[in-house]
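Single-structure report; data block below.
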Amino acid sequence: MFNSSCDVASLYIHWPFCPYKCHFCPFVALASHDHFMERYHEALIKEIKLYGDYAFKRPIETIFFGGGTPSTYPPELLLDMFGILNNTFEFAGAPEISLEVNPGTVTQEKISAWKKLGITRLSIGVQSLNNQVLTSLNRHQKADDVLHLLDMAASEFEVLSIDLILGLPGISQQEWYELIQKAMTWPIKHLSVYFLTVHEDTPLYYGVARKKIALPTDDAMVALYEWTAKTLEEHGFLQYEVSNFAKIGFESRHNSVYWKRLPYKGFGMGACSFDGASRFQSEKNLMNYLTVVEAANSMQELEKLSIVSETLTESQVWLEQLMLGLRQKKGLSWQLVRNRLSEQERERFEAKIGEFIQLGYVDNNQTHFWLTTLGRAVENEIVVALLH
Ligand code: SF4
């Protein structure tokens, strides 16, 4: 059971509705279910209120509305949501409140309403500007939608972030260079660059398996990633995590909660929570989610929502510390390695780090070790090698 007396200062709210289902999507996302929006919203606020009645509360520092496509949250319902949040929680002086936005789902009125509600940061799913490639992946947004959205949003929001996907099928090297160079002219403070991942049971997975879709080679992706990291740095976007780049002072505070393994509470279908010792994930099926929440009258009854409830063992904690530490620019401290590993394990670990330093994947000083840009492109392989 989620330890509600833990020190939660960050909330995640999941909005699963999308205008279409992208062929690469691994998220808890529903197309053609908009008629459930109001009922889902009622369930969300019930979950939040029941948690609020029960939990130890300290001022909230970050809230992230993720999805799905939270920019389809009807403005009158979002206003209601903020009313509930304000009644339920205290807020820290300058909370970071982020909303994920997809081009083609936004009007100037919506953007102004978000600003008035207190949202501070928009995270825009650009992914690519190639209309044909996006359409082939069932993502019905156009390059013009992106440019129009950036124009509208920049008039209201200081902090705009964009997401790009590196390695989409059909995007040439030259096209990627042009996308990054164009993005450097946009009014953004933050970029996330994700490698395309082919998730099982997605249309993309079957297209690749049947050889109907060809993906770029790993070497081509690594070369583009290195070029991207270098180019972004030259434009003042400093890499602070494997996939994230920001102008100084505009790093995502919410994401750093995940990377630092601090507690957070998630609400909604498929939402994850962490209380410092255990990880939880809620029901991913809409009807099951609604049925449990609508019948619940206490935080205890909401426990039935958990489809994952796992107290981490010491070795799982070490794995998380290693993975999350290496994802971040500052890396991991040698002290943590000394605390975690026996002398024999440490010798083996340090020998492997030495090999990675020779290969140019890792760098270090007296207190810390971290991945180089080359190492960040193959982070998973390095973690696996360090653990065996
Ligand atoms: S918009 Fe995002 S969440 Fe929705 S289907 Fe596409 S990738 Fe998934």
Side-chain angles (χ1 to χ4, degrees), residues 12-37 40-41 44 64-74 77-78 98-107 110-111 114 121-150 153 160-171 179 190-208 213 215 243-244 252 254-255 258 266-272 281-286 289:
Y12 173 84
I13 298 172
H14 191 75
W15 184 256
F17 304 100
C18 285
Y20 38 70
K21 182 90 186 197
C22 306
H23 284 178
F24 51 83
C25 179
F27 305 117
V28 179
L30 298 167
S32 311
H33 280 68
D34 291 7
H35 50 292
F36 279 101
M37 281 181 177
Y40 181 81
H41 163 78
L44 269 182
F64 195 97
F65 286 87
T69 303
S71 47
T72 63
Y73 210 130
L77 298 185
L78 198 56
S98 309
L99 182 96
E100 283 185 338
V101 178
N102 282 349
T105 63
V106 182
T107 60
K110 268 193 189 177
I111 291 177
W114 296 337
R121 184 181 182 101
L122 300 184
S123 173
I124 301 172
V126 174
Q127 319 312 358
S128 166
L129 291 182
N130 185 317
N131 293 343
Q132 215 182 335
V133 166
L134 289 177
T135 306
S136 74
L137 294 166
N138 203 41
R139 191 174 175 97
H140 301 286
Q141 78 185 36
K142 302 280 177 273
D144 284 351
D145 297 332
V146 173
L147 303 178
H148 184 48
L149 167 54
L150 285 163
L160 299 179
S161 175
I162 61 167
D163 286 359
L164 300 175
I165 300 180
L166 177 58
L168 283 173
I171 301 288
L179 171 61
H190 187 281
L191 266 113
S192 301
V193 179
Y194 298 108
F195 285 106
L196 177 71
T197 308
V198 181
H199 294 272
E200 272 190 39
D201 281 339
T202 57
L204 177 65
Y205 174 83
Y206 294 112
V208 171
I213 298 175
L215 297 177
S243 304
N244 288 284
S252 162
H254 186 85
N255 283 344
Y258 301 145
F267 301 100
M269 275 168 67
C272 296
Q281 186 174 27
S282 284
E283 178 60 65
K284 294 182 185 177
N285 175 285
L286 177 64
Y289 170 79

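Numbers here are sequence positions counted from 1. Atoms within each ligand, like the ligands themselves, are counted from 1 in listed order.
- At the shortest separation from atom 3 (S) of ligand 1 among protein heavy atoms lies G68 N, 3.2 Å.
- The number of protein N/O/S atoms found under 2.8 Å from atom 6 (Fe) of ligand 1 is 1.
- In terms of the ring-ring contact (aromatic ring centres under 6.0 Å, His included) criterion, W114 has no residue partners (sequence neighbours excluded).
- When the options F267, Y73, Y289 are evaluated for a ring-ring contact (aromatic ring centres under 6.0 Å, His included) with Y40, the one that passes is Y289.
- Counting only distance, with no hydrogens or angles, the side chain of D163 and the backbone of S123 share no donor-acceptor pair below 3.5 Å.
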Only distances under 3.5 Å count here; give the side-chain donor-acceptor pairs of residues 18-36 to other protein atoms, sequence neighbours excluded, each with its distance to 0.1 Å.
unit_1: K21; atom_1: NZ; unit_2: A29; atom_2: O; d: 3.1
unit_1: H33; atom_1: ND1; unit_2: A31; atom_2: O; d: 2.7

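- Side-chain N or O atoms of T69 include none that pairs as donor or acceptor with a backbone N or O of T72 at under 3.5 Å.
- Applying the salt bridge (Lys or Arg N to Asp or Glu O under 4.0 Å) definition to pairs two or more places apart or across chains, those involving residues 121-131 are E96-R121.
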